[in-house]
Amino acid sequence: MFDHISIQTQDPAAAAAFYDAVLAPLGAGRVLDFGDVVGYGTTAPAFWLGPTAAGGEAREVHIAFAAADRAAVDAFHDAAVAAGAGVLHAPRLWPEYHESYYGAFVRDPDGNNVEAVCHLPVLPAAG
């Protein structure tokens, strides 16, 4: 639905280090880097970080990144914890959203609620 999104950060270097770590398990990384402004994606930037423009505090947002599978959600969570993120919700099913909604929620260095989510159902084991 969106072409790209950009969020403000108090500390661009700390935010970039965090997103380097948590987006790698989801298959994304830096595709453009202008120092204090960094664009992430797979081939083109879809998620941007930049310093606060007005010199005030960054505003909290909720961002949900798509994960290819539940293992990628778990890897996102592990990378976020290793990067020092506060855990809002460890990976689990969220049946109140829908029966296959599997997500993990953390806080980035600026206090944003950052999620990785997989919507795929678990397939029954063959045999």
Q: For residues 25-39, pull every pair meeting side chain to side chain donor-acceptor pair (under 3.5 Å), keeping only residues two or more places apart or in separate chains.
A: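 The answer is Asp20-Arg30, Arg30-Asp33.
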Q: Any pair with a residue in residues 61-76 that passes side chain to side chain donor-acceptor pair (under 3.5 Å), sequence neighbours left out, goes on the list, sorted by first then second residue, please.
A: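 Only His62-Asn113, His62-Glu115, Asp74-Tyr102 qualify under side chain to side chain donor-acceptor pair (under 3.5 Å).
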Q) Is Val38 reachable from Val61 through a run of I, L, V, M, F, W or Y residues, each pair having side-chain heavy atoms under 4.5 Å apart? A)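 Yes; Val38 is reachable from Val61 via cluster members.
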Q) Are Val117 and Tyr19 co-members of a hydrophobic cluster defined by side-chain heavy atoms under 4.5 Å apart? A)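 Cluster IDs for Tyr19 and Val117 differ.
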Could you pull out the closest heavy-atom pair between [X] and [Y], with the gap in Å?
X	Y	value
Phe76	Ala104	CE2-O, 3.9 Å
Pro25	Ala75	CB-CB, 3.5 Å
Leu26	Ala67	CD2-CB, 3.7 Å
Val73	Pro91	CG1-CB, 4.2 Å
Pro109	Ala15	CG-CA, 4.2 Å
Ala21	Ala79	O-CB, 3.4 Å

(Q) Connecting only ILVMFWY residues whose side-chain heavy atoms lie within less than 4.5 Å of each other, what is the rest of Leu32's hydrophobic cluster? (A)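 Listed partners: Phe34, Val37, Trp48.
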Q.
Once ring-ring contact (aromatic ring centres under 6.0 Å, His included) is applied, do any residues pair with Phe65, and if so which ones, sequence neighbours excluded?
A. Phe47
**Q.** Ala80: partners by side chain to side chain contact (heavy atoms under 4.5 Å, CB included), with sequence neighbours left out
**A.**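 In terms of side chain to side chain contact (heavy atoms under 4.5 Å, CB included), with neighbours along the sequence ignored, Ala80 is linked to Phe18, Val22, Ala85, Val106.
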Q: Would you please name every residue forming a side chain to side chain contact (heavy atoms under 4.5 Å, CB included) with Glu96, sequence neighbours left out?
A: Arg92, Trp94
Could you state the interatomic distance from [atom1] ([X]) to [atom2] ([Y]), rounded to the nearest 0.5 Å?
X	Y	atom1	atom2	result
Asp110	Thr9	CG	OG1	3.5 Å
Leu88	Asn112	CG	CG	10.5 Å
Ile63	Ile7	CD1	CD1	4.0 Å

